[in-house]
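Naming: A, B, ... by sequence-line order, numbering from 1 per chain.
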Number of protein chains: 4
Amino acid sequence: MKFKDNEAIYIQIADLVCENILEGKLPMGEKIPSVRDLAIQLQVNPNTVMRSYDTLQNREIIFNKRGLGFFVSENAQQIIRTGKRQSFLKIRLPELFKEMKLLEISSAELINLYQEYNANLKPNHNEIQ
Amino acid sequence: MKFKDNEAIYIQIADLVCENILEGKLPMGEKIPSVRDLAIQLQVNPNTVMRSYDTLQNREIIFNKRGLGFFVSENAQQIIRTGKRQSFLKIRLPELFKEMKLLEISSAELINLYQEYNANLKPNHNEIQ
Amino acid sequence: MKFKDNEAIYIQIADLVCENILEGKLPMGEKIPSVRDLAIQLQVNPNTVMRSYDTLQNREIIFNKRGLGFFVSENAQQIIRTGKRQSFLKIRLPELFKEMKLLEISSAELINLYQEYNANLKPNHNEIQ
Amino acid sequence: MKFKDNEAIYIQIADLVCENILEGKLPMGEKIPSVRDLAIQLQVNPNTVMRSYDTLQNREIIFNKRGLGFFVSENAQQIIRTGKRQSFLKIRLPELFKEMKLLEISSAELINLYQEYNANLKPNHNEIQ
DNA sequence: GTGGTCTAGACCACC
DNA sequence: GTGGTCTAGACCACA
């Protein structure tokens with residue numbers, strides 16, 4: 001897997017795990033890959049994966065069973081969704097709308113672009129084994 | 001003025017200047033504030049402002065007259081618009097649409113939010129003197 | 001039974017056994033549950049229970065009869081009491097008092113909280129069968 | 001400075017900073033030592049100090065000004081106090097009282113010990129320069 | 001086997 | 001100068 005270089009790797013890994021949870025590939029209560037395993041799979045340092053898991057644990061998306069590993073917590077999906085929703089509504093959208101006004105893009109155009117996007121959509125394969 | 005802390009300040013300052021140009025507050029050929037003045041106004045290190053002007057100059061949005069200062073170049077508006085448009089269409093929108101699908105936000109909702117945003121819009125005070 | 005996650009499980013199990021001894025639920029000479037049984041009861045790896053028993057045996061709180069199991073030793077209560085008393089007076093209390101000063105909690109308040117605690121006390125179900 | 005080895009160093013450093021804030025040695029808005037400087041002063045790796053600052057920043061006790069360093073945030077004292085108070089009331093005290101019952105220590109004895117502690121108290125010198 | 005912590009050292013962007 | 005991230009490698013306690 002390749003990472004974007006304009007965002008910290010540990011964030012991208014955390015996001016990857018979140019996506020897998022949202023898509024049901026990692027259901028509630030499921031063990032997620034061990035720090036070492038995921039580090040090998042993603043070709044990064046274990047510390048980096050550890051940091052991802054740390055942030056996810058702080059957000060109570062995953063939890064730790066001593067000596068066993070990390071597991072998807074009960075409300076993981078909900079926590080991720082509400083978090084994303086917050087930042088989307090409070091940060092992303094205002095930015096977007098501000099740019100739209102500056103670029104004089106109408107809402108009609110926006111909808112067109114959205115439908116175009118959906119038409120071209122391809123499935124992705126970032127699955128954590 | 002307060003800056004977001006997830007983006008480099010010099011970028012935010014450059015964006016601010018661009019906005020002022022797009023909105024016509026800084027028309028073509030106009031002198032923009034000196035590095036020192038803007039640094040004082042924004043409570044920022046002059047080096048940081050200088051770096052903003054540097055990037056704007058590289059993009060040929062402003063130009064320098066030695067000993068006089070920086071001035072808005074002829075096709076500043078056009079350069080900014082096409083640049084913004086590019087990144088908007090190629091980067092921001094795909095990200096946005098991806099999140100919308102994840103959050104199950106329909107285009108109809110999007111339109112509603114846009115109208116809501118426009119209704120609540122407050123006049124903008126990020127004017128460079 | 002649920003375990004705190006900021007303390008090793010084998011320590012919590014050892015403490016649990018000690019409590020049962022202090023409260024007389026496991027009188028002197030009594031056989032304590034086999035490693036396997038307690039492991040099943042507590043939903044824990046047998047190695048973990050074994051480690052608890054090991055430390056208790058080292059402190060001569062329990063002893064082993066080969067092929068029969070572990071038994072509460074003669075002066076188990078006394079050993080536990082003096083050990084606990086030591087760590088309580090030398091470690092816990094100083095920490096506690098230091099925090100009390102920081103939080104500006106008076107001894108009068110402390111007494112109140114103690115009485116409140118006693119009033120709300122619920123019977124204890126951490127019994128080892 | 002020497003660290004206890006039963007608690008992570010980065011936690012002890014965070015606690016140290018908190019104490020300095022509570023005692024007014026680091027007033028609101030004040031710059032705290034740079035990561036590197038404190039690392040040298042405490043003879044630890046900069047990463048370790050960084051981790052301390054990270055947790056403090058997450059708890060909004062300190063904040064970062066890009067390129068300048070970390071500063072004590074406005075409600076730092078309050079945040080620390082309420083946090084400590086919570087863990088004290090919800091965790092430390094119940095543990096304490098439970099042990100008191102097991103050890104058959106009365107509240108009168110507790111008060112005596114508290115007064116004794118106050119009498120022997122010595123000032124401490126963990127000041128961050 | 002699992003995570004958790006720490007060190008040493010590097011590189012980078014930013015102010 | 002500041003923080004932020006990452007790697008490599010080590011050691012430890014725990015299950």
Quiz prompt | Under 4.0 angstrom between D:Tyr10 side-chain N/O and E:dT5 OP1 or OP2 | solution = yes

Can you tell me how far [atom2] of [N] sits from [atom1] of [X], to the nearest Å?
X	N	atom1	atom2	value
A:Phe71	E:dT2	CZ	C1'	10 Å
C:Met50	F:dC14	CE	C1'	16 Å
A:Asn6	E:dC11	CG	P	22 Å
A:Gln43	F:dC6	CD	P	15 Å
D:Asn64	F:dT2	CG	P	12 Å
D:Ile62	F:dT2	CD1	P	15 Å
D:Phe3	E:dT5	CZ	P	15 Å
A:Leu68	F:dA13	CG	C1'	14 Å

Practice problem: Would you check if B:Ile80 and B:Cys18 make a side-chain contact, meaning some heavy-atom pair closer than 4.5 Å? | Solution: yes

Nucleotide nearest [X] when distance is taken to its side chain, options [options]:
X	options	result
B:Thr48	E:dG3, E:dC15, F:dT2	E:dC15
A:Asn45	E:dC15, E:dA8, F:dA8	F:dA8
D:Arg51	E:dG3, E:dT5, F:dG3	E:dT5
D:Arg36	F:dG3, E:dT7, F:dA15	F:dG3
A:Arg66	E:dC14, F:dA15, E:dT5	F:dA15

Quiz item: Between B:Lys4 and A:Glu95, is there a side-chain N and carboxylate O pair less than 4.0 Å apart?
Solution: yes

Quiz item: So does D:Glu19 pair up with D:Lys25, basic N to acidic O under 4.0 Å?
Solution: no

Practice problem: Could you walk me through whether D:Tyr10 and D:Val49 pass the side-chain contact (heavy atoms from CB on, under 4.5 Å) test, one step at a time? | Solution: CA-CA 6 Å; D:Tyr10 81 94; D:Val49 175; over 6 Å; no

Quiz item: Base, sugar-phosphate, or nothing: which does B:Asn47 touch, judged by heavy atoms less than 4.0 Å apart?
Solution: nothing

Quiz item: So what's E:dC14 paired with, Watson-Crick or G-U wobble, going by both distances under 3.5 Å?
Solution: F:dG1

Quiz item: If pairing requires Watson-Crick or G-U wobble contacts with both distances under 3.5 Å, which nucleotide is the partner of F:dC6?
Solution: E:dG9

Self-check item: Residue whose nearest DNA chain E nucleotide is more 5′ - D:Ala8 or A:Gly69
Solution: A:Gly69

Practice problem: Tell me which of B:Ile11 and D:Val44 sits closer to the 5' end of DNA chain E, going by the nucleotide each one is nearest to. | Solution: D:Val44

Exercise. Assign each of A:Ile9 and D:Tyr53 to its nearest nucleotide of DNA chain F by heavy atoms, then name whichever residue's nucleotide is nearer the 5' end.
Key: D:Tyr53

Exercise. Calculate, to the nearest 0.5 Å, the distance between atoms CD and CZ belonging to A:Gln57 and A:Phe63 respectively.
Key: 10.0 Å

